[in-house]
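Note on naming: letters A, B, ... go to the chains in the order of the sequence lines (proteins, then strands), and numbering restarts at 1 for each one.
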There are 2 protein chains.
Amino acid sequence: MEPVDHFRGFLKKNGLAFTSARAAILKGIVASRGHFDADALHEQLKRVGESLSCATVYRTLPLFVQSGIIKETLRSKGRARYEPAWGLEHHDHLECVACGRIIEFRDDELERLQDKVCQRHSFRPVEHRLGIRGYCSECGKKGT
Amino acid sequence: MEPVDHFRGFLKKNGLAFTSARAAILKGIVASRGHFDADALHEQLKRVGESLSCATVYRTLPLFVQSGIIKETLRSKGRARYEPAWGLEHHDHLECVACGRIIEFRDDELERLQDKVCQRHSFRPVEHRLGIRGYCSECGKKGT
DNA sequence: GATGAGATTGAGAATCACTCGCAAAATGGA
DNA sequence: TCCATTTTGCGAGTGATTCTCAATCTCATC
């Protein structure tokens, strides 16, 4: 199913309207492959002629999170960041503190162990975030 | 070694002064066992008669992080949160989305696997944060 | 113990990401 | 088409954090 169809279904189920602003934002999300923040998304939309108020962008992002189209990731420089999630497997992040590069990885064993930890504490997980900060291979070479 | 001695050493090594404000904040940190945020720390200090400007608290916390006395943890409600780290083992967090309770846990196998992931990507880790959000045993019982 | 260069502090203004309030406009089921 | 309901844009408001800068404190050195 296409994200847009899923999103329409989500809106209808919740008595919300599918507006042109929401359509535009969804297009922006799909276009921006990879991580983005509210401001970057707003800028990108402006570039393609879709000028929405930034309040609308901020107001709409949670809907996309709730519907599973995107998910919030580690915030950086005080800004909430997002990444597409629709149809993608869960993964975690390595974040280079020197160059800012973000490397995604997935490790099933790691996932399994986390579930075990939750069981041990009778904890029902909803989501988790693992972020490892350090130096990527490039920056690691350059010293310190 | 006591935290205060370690901290003095850290300051000297960096050409910084050991001031009464910093001593007071350190005392506050030690007193507040467990997680805290800048505002809570400021309030606590005020309660014991140490009235520092909140700018000073904000300015000083990074020094304690750098020196390894505390570390930043998952932020909550838009606030940066910290926990004591001096002399304590690393651990990760389960965070209840219903009641806000934070459960600490440690799993060596999990740590080991993360190192493996880093090796696989030639990534030199500096720190990592794993936060699992969900429902704790108490809140899980109450439904949904 | 006095001195001075440099570090630190307080108070309030400034930032910055984000949210709110409200009137005007868009949506969509009947 | 009509209208109750939802959205939007704008600008003002928030709340955490940071900055500015003059006054104050530290501490190595004298």
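Residues satisfying the side-chain hydrogen bond (donor to acceptor under 3.5 Å, both in side chains) test with His121(A), not counting sequence neighbours, are none. For Asp108(A), the side chain to side chain contact (heavy atoms under 4.5 Å, CB included) partners two or more places apart in sequence, or in a different chain, are Arg106(A). When the side-chain hydrogen bond (donor to acceptor under 3.5 Å, both in side chains) test is applied to Arg112(B), the partners found at least two apart in sequence or on another chain are Glu109(B). Judged as a side chain to side chain contact (heavy atoms under 4.5 Å, CB included), and not counting sequence neighbours, the contacts of Lys46(A) are His42(A), Glu43(A).
Comparing the helix axis at one end of the helix from dG1(C)-dC30(D) to dA30(C)-dT1(D) with that at the other, each defined from 5 consecutive pairs, gives an inter-axis angle of 30° (nearest 10°).
In this structure, Arg101(A) contributes its side chain and Glu95(A) its backbone to no donor-acceptor pair below 3.5 Å. For Ser67(A) (side chain) and Leu63(A) (main-chain N/O), a donor-acceptor pair under 3.5 Å exists by modelled atom type.
With a 4.5 Å cut-off between side-chain heavy atoms of Ile, Leu, Val, Met, Phe, Trp and Tyr, the cluster of Leu74(A) takes in none. The other members of the hydrophobic cluster of Leu94(A), by chain and number, are Ile103(A), Phe105(A), Leu110(A), Leu113(A), Val117(A), Phe123(A), Leu130(A), Ile132(A), Leu94(B), Ile103(B), Phe105(B), Leu110(B), Leu113(B), Val117(B), Phe123(B), Leu130(B), Ile132(B) (side-chain heavy atoms under 4.5 Å, ILVMFWY only). Val48(B) shares a hydrophobic cluster with no other residue; no ILVMFWY side chain has heavy atoms under 4.5 Å from its own. Taking Ile, Leu, Val, Met, Phe, Trp and Tyr as members and joining any whose side-chain heavy atoms lie under 4.5 Å apart, directly or through other members, Leu88(B) forms no hydrophobic cluster with any other residue.
The CD atom of Gln44(B) sits 5.5 Å away from the OG atom of Ser32(B) when rounded to the nearest 0.5 Å.
Think of the region where chain B sits on DNA chain D: with heavy atoms and a 4.0 Å cut, that region ends 5' and 3' at dA16(D) to dA28(D).
Summarising the geometry of Thr56(B) relative to Ala21(B), their closest heavy-atom pair is CG2-CB, 4.1 Å, with the distance given to 0.1 Å.
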Please produce a list of atom pairs where a protein N or O lies less than 3.5 Å from an N or O of nucleotides 17-19 of chain C.
unit_1  : atom_1 : unit_2   : atom_2 : d
dA17(C) : OP1    : Arg79(A) : NE     : 3.0
dA17(C) : OP1    : Arg79(A) : NH2    : 2.8
dC18(C) : OP1    : Ala80(A) : N      : 2.8
dC18(C) : OP2    : Tyr58(A) : OH     : 2.8

Would you list the protein and nucleotides 27-30 of chain C atom pairs, both N or O, that sit under 3.5 Å from each other?
unit_1  : atom_1 : unit_2   : atom_2 : d
dG28(C) : OP1    : Phe18(A) : N      : 3.2
dG28(C) : OP1    : Phe18(A) : O      : 3.4

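The nearest whole Å value for the distance from the CZ atom in Arg22(B) to the C1' atom in dG10(C) is 14 Å.
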